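Notes to accompany the following structure.
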Amino acid sequence: MRWSQLFIPTLREDPAEAEVVSHRLLLRAGYIRQLAAGVYSYLFLAQRSLNRIIGIVRQEMDAIGGQEFLLPALHPAEVWQESGRWDVMGNDMFRLKDRNAHDMCLGMTHEEVMTVIARGELRSYKQLPQIWYQIQNKFRDEPRPRSGLMRVRQFIMKDSYTFDMDAAGLDVAYQKHYQAYCRIFSRCGLKYVAVEAHSGAMGGSQSHEFMVKSPAGEDWVVECPKCGYAANLEKAVSHPSPAQGPDPDGDLTPEEFHTPGRKTIAEVAEFTGLPETSQMKSLVMVADGQPVLALLRGDHQLSETKFAGALGAKEIRPAHPQEIVEWFGAEAGSLGPVGVTGMRILADLALQGRRNMIAGANKDDHHLRHVTPDEDFKPEYRDLRQVASGDACTGCGGELALDKTIEIGHIFKLGYRYSEGMGLRVLNAEGKEVAPIMGSYGIGIERILSSAVELYADSDGMALPVAIAPFHVVITPVNNADAAQMKAAREIYEGCRALGLDPLLDDRDERPGVKFKDADLIGIPYRITVGKKLARGMVELVERRGKLTSEVEVGAAAAAVSQKIESALQDGH
RNA sequence: CGGGGCGUAGCGCAGCCUGGUAGCGCACCUGCCUUGGGCGCAGGGGGUCGUUGGUUCAAAUCCGACCGCCCCGACCA
């Protein structure tokens with residue numbers, strides 16, 4: 001296509017509201033414009049790039065036997081009430097009423113709708129397995145949209161749903177998706193990791209997230225460089241570092257001592273001269289309205305996800321200061337498990353077997369020494385500890401690393417929640433009614449674009465992978481007034497088209513500097529510069545990433561770039 | 001929902017403190033010039049100063065309410 005005819009509104013300056021790299025560049029390069037908080041218009045370049053991404057996703061989904069549907073974005077309240085999620089989703093769901101005051105909502109996801117279709121039509125085990133998917137807009141009224149296309153309120157998602165007769169069938173569907181996701185993200189040119197994930201409020205047994213490491217990410221993943229263990233921080237396990245000092249021996253009884261003004265673990269450690277690992281950290285949480293005491297080693301952090309999981313709680317929060325005083329008779333900073341009644345006490349596994357530790361005395365400015373779990377109080381032991389960087393891998397002992405990541409895909413086994421709950425039944429070979437087992441698998445389409453921008457940006461702009469760039473190559477005549485240059489540029493352009501490439505001809509009447517800057521900014525992976533060297537019959541072929549430049553003959557330029565593109569697509573660059 | 005910041009031309013900003021009816025750079029339009037990294041010269045168009053109430057002879061400027069957007073945190077199938 002000819003640049004002079006296109007709408008590519010590049011900005012010379014950074015828009016003030018954009019902070020993260022991808023947001024800034026997508027705006028500057030004329031890919032997107034904001035309409036409201038977390039709502040964006042995708043202009044020409046973004047649409048081309050997203051279509052490329054969608055094309056890859058579609059191919060790979062079809063390759064595993066997926067069947068594409070297009071489902072309503074507008075749902076009646078009933079289907080969500082039936083699954084019980086009308087209430088669960090709270091303010092994250094966009095809700096509205098139709099003219100008859102009937103409750104409706106915009107779909108955040110499509111388990112309900114898919115299940116409704118399935119229960120109306122699937123009758124026999126002979127019809128299973130099924131893989132149904134859709135690529136379309138989903139709506140979530142995010143409490144805080146942010147980071148450009150990273151967290152938005154309307155976004156494109158590929159979502160698939162599988163129906164199988166048994167767990168073994170689900171395993172197959174799950175593995176197919178796992179493999180398909182690996183192919184999709186590799187083909188899109190991303191460096192990603194698949195990590196074990198928490199399956200969240202959806203329930204279900206097994207779950208993996210596909211993550212791209214990036215400082216712009218919002219999730220933490222834990223990785224072992226030695227054995228390849230990788231998990232979302234919410235779910236990750238590790239061996240904690242050893243306690244920094246031995247516990248005092250003997251069958252000692254708790255003994256109160258005065259700790260004026262010492263509230264934090266660090267302050268108490270300094271005051272007593274004992275390491276933080278000798279202390280018990282007491283956190284008061286409220287789980288579904290009930291107070292619960294959580295105990296950890298002094299230097300450890302509570303994983304709220306693990307904590308909620310251990311209790312099977314839907315909603316947890318730290319107790320308010322007034323509540324703490326009411327229940328413990330002391331303020332946070334002097335709390336401990338000894339003498340606590342009327343609430344569950346959950347202790348992290350790292351406290352099991354420890355003796356004679358320091359804990360709060362439930363009396364302001366006082367602590368207890370010689371507190372021993374199981375003797376001085378009876379806790380329930382659970383894994384509550386959030387993994388920290390440097391912990392030892394439980395598999396191989398390697399040193400775990402923590403990285404910030406962007407979640408681009410999530411697959412999980414749903415189990416029977418929707419089929420059971422919404423009355424989806426088929427007859428099995430014995431003629432008995434059974435509920436099929438389901439899986440659900442999502443990909444954030446815009447996040448693939450954002451991640452690619454983040455991953456390959458430099459000071460000049462973006463440098464998109466060939467497979468998802470809006471054009472393969474931009475042909476830049478340096479001087480429009482030079483008829484020979486324009487002619488050669490057009491010939492190369494036509495040559496590229498003949499080879500099946502998507503070329504962009506920069507025929508704008510602009511100074512060369514402007515053309516180069518814009519080409520770099522919008523991230524087209526290759527540029528053919530037609531300039532002075534044309535006198536010798538040569539043009540330049542520039543790779544956007546790394547700015548590698550080579551000279552080729554005019555007549556060979558199209559073939560040369562085609563070859564590079566071909567191999568880049570093979571290697572996923 | 002808690003904390004912070006911002007709203008003046010398409011974009012980036014100044015003006016506000018100390019009220020007197022709006023300015024700069026980029027972009028845009030016209031002409032000339034120039035053509036290997038956001039060129040030069042000349043001329044020009046474009047703004048209900050987020051909305052609304054109040055104070056005042058007079059409000060972009062002072063006071064109040066509201067709305068919107070960004071950032072940090074909480075939250076996040």
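Quick note: numbers below take in every heavy atom, side chains included, and nothing from hydrogens, waters or symmetry partners. Quick caveat, the model's predicted, so the values are computed rather than measured. Lettering follows sequence order; numbering is per chain, from 1.
- Checking B:C33 for Watson-Crick or G-U wobble geometry (two distances, each under 3.5 Å) identifies no partner in any strand.
- Here the options are A:V473, A:T476, A:L45, A:L6, the test is side-chain contact (heavy atoms from CB on, under 4.5 Å), and the partner is A:L504; only A:L6 passes.
- Between the side chains of A:S49 and A:Y42, no donor N or O sits under 3.5 Å from an acceptor N or O.
- Between A:I8 atom CD1 and B:C11 atom C1' there is a gap of 18 Å when expressed in whole angstrom units.
- No more than 12 heavy-atom neighbours from other residues, nucleotides or ligands sit within 6.0 angstrom of CD on A:E553.
- We find that NZ of A:K515 is positioned 14 Å from P of B:G38, with the value rounded to whole Å.
- Nucleotides B:G4 and B:G43 are separated by 49 Å at their P atoms, to the nearest Å.
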For this session: Start with the C-alpha distance between A:E111 and A:S440, add both sets of side-chain angles, then the distance that settles side-chain hydrogen bond (donor to acceptor under 3.5 Å, both in side chains), and finish with yes or no.
Result: CA-CA 8 Å; A:E111 280 83 1; A:S440 145; 3.3 Å; yes
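- In this structure, A:F7 atom CZ and B:C28 atom C1' are separated by 13 Å, rounded to whole Å.
- The partner of B:C24, taking Watson-Crick or G-U wobble pairs whose two distances both stay under 3.5 Å, is B:G12.
- Looking at A:V474 and A:W3, their side chains come closer than 4.5 Å, going by heavy atoms from C-beta outward.
- Under 4.0 Å is where a charged nitrogen must lie from a carboxylate oxygen, and between A:R119 and A:E82 at least one such pair does.
- For B:G37, its base sits under 3.5 Å from the side chain of A:D520 at one donor and acceptor pair at least.
- B:G68 and B:U52 are spaced 16 Å apart, taking the P atom of each and rounding to whole Å.
- Comparing the same atom, C1', in B:C33 and in B:G47 gives a spacing of 32 Å after rounding to whole Å.
- B:C26 atom C1' lies 11 Å from atom CG of A:L11, rounded to whole Å.
- In this structure, B:G7 and B:C67 make a Watson-Crick or G-U wobble pair, each of the two defining distances being under 3.5 angstrom.
- The separation of B:U18 from B:U61, taken at their C1' atoms, amounts to 10 Å, rounded to a whole angstrom.
- Heavy-atom distances under 4.0 Å link RNA chain B to A:R527, A:T529, A:G531, A:K532, A:K533 of residues 524-537 of chain A, given in residue order.
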Filtered N/O pairs between nucleotides 29-35 of chain B and protein, under 3.5 Å:
| unit_1 | atom_1 | unit_2 | atom_2 | d |
| --- | --- | --- | --- | --- |
| B:U34 | O2' | A:R511 | NH1 | 3.4 |
| B:U34 | O2 | A:R511 | NH1 | 2.8 |
| B:U35 | O2' | A:N479 | ND2 | 3.2 |

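- Legend: ring pair (Phe, Tyr, Trp, His ring centres under 6.0 Å) pairs involving residues 9-36 of chain A, not counting sequence neighbours, sorted by first then second residue: A:H23-A:Y40.
- Of the nucleotides present, none pairs with B:C75 by Watson-Crick or G-U wobble criteria with both distances under 3.5 Å.
- One atom, CZ of A:R544, and another, C1' of B:G37, lie 13 Å apart when rounded to the nearest Å.
- For A:F516 and B:G38, the CZ to C1' distance is 12 Å, given to the nearest whole Å.
- Looking at heavy-atom distances under 4.0 Å, A:Q485 makes no contact with the nucleic acid at all.
- Looking at heavy-atom distances under 4.0 Å, A:R33 makes no contact with the nucleic acid at all.
- If you take atom C1' in B:G44 and the same atom in B:U51, they sit 33 Å apart, rounded to whole Å.
- No side-chain N or O of A:K547 forms a donor-acceptor pair with one of A:T549 less than 3.5 Å apart.
- Between A:D458 and A:R545 no salt bridge is recorded (no basic side-chain N to carboxylate O distance below 4.0 Å).
- Taking A:H208 as the reference, A:Y174, A:Y178 meet the ring-ring contact (aromatic ring centres under 6.0 Å, His included) condition, with sequence neighbours excluded.
- Remark: A:F185 pairs with A:Y181, A:Y192, A:F210 by the ring-ring contact (aromatic ring centres under 6.0 Å, His included) rule, at least two apart or across chains.
- Annotation: B:G36 and B:G31 have their C1' atoms spaced 26 Å apart (nearest Å).
- Other residues, nucleotides and ligands contribute only 12 or fewer heavy atoms inside 6.0 Å of the CD atom of A:Q301.
- When each of A:D518 and A:M157 is assigned the nucleotide of RNA chain B bearing its nearest heavy atom, the one mapping closer to the 5' terminus is A:D518.
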For this session: Could you give me the CA-CA distance, side-chain angles and deciding distance for A:T162 and A:Y441, then say whether side-chain hydrogen bond (donor to acceptor under 3.5 Å, both in side chains) is met?
Result: CA-CA 9 Å; A:T162 59; A:Y441 319 82; 2.8 Å; yes
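- Nucleotide B:A59 is matched to nothing when pairs are restricted to Watson-Crick or G-U wobble geometry with both distances under 3.5 angstrom.
- Distance CD1 (A:I522) to P (B:G38): 18 Å, rounded to an integer number of Å.
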For this session: Any chance you could list the contact pattern along nucleotides 66-73 of chain B? Use B for base contacts, S for sugar-phosphate-only contacts and - for none, protein heavy atoms under 4.0 Å, 5' to 3'.
Result: ---SSSBB
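- The side-chain contact (heavy atoms from CB on, under 4.5 Å) test with A:W220 is passed by exactly one of A:Q386, A:K404, A:E234, A:M211: A:K404.
- Between A:R12 atom CZ and B:G25 atom C1' there is a gap of 10 Å when expressed in whole angstrom units.
- Nucleotides B:A27 and B:G20 place their C1' atoms 32 Å apart, quoted to the nearest Å.
- When the P atom is used for both B:A59 and B:G50, the distance is 15 Å, rounded to whole Å.
- At the heavy-atom level, A:R151 lies under 4.0 Å from base atoms of the strands shown.
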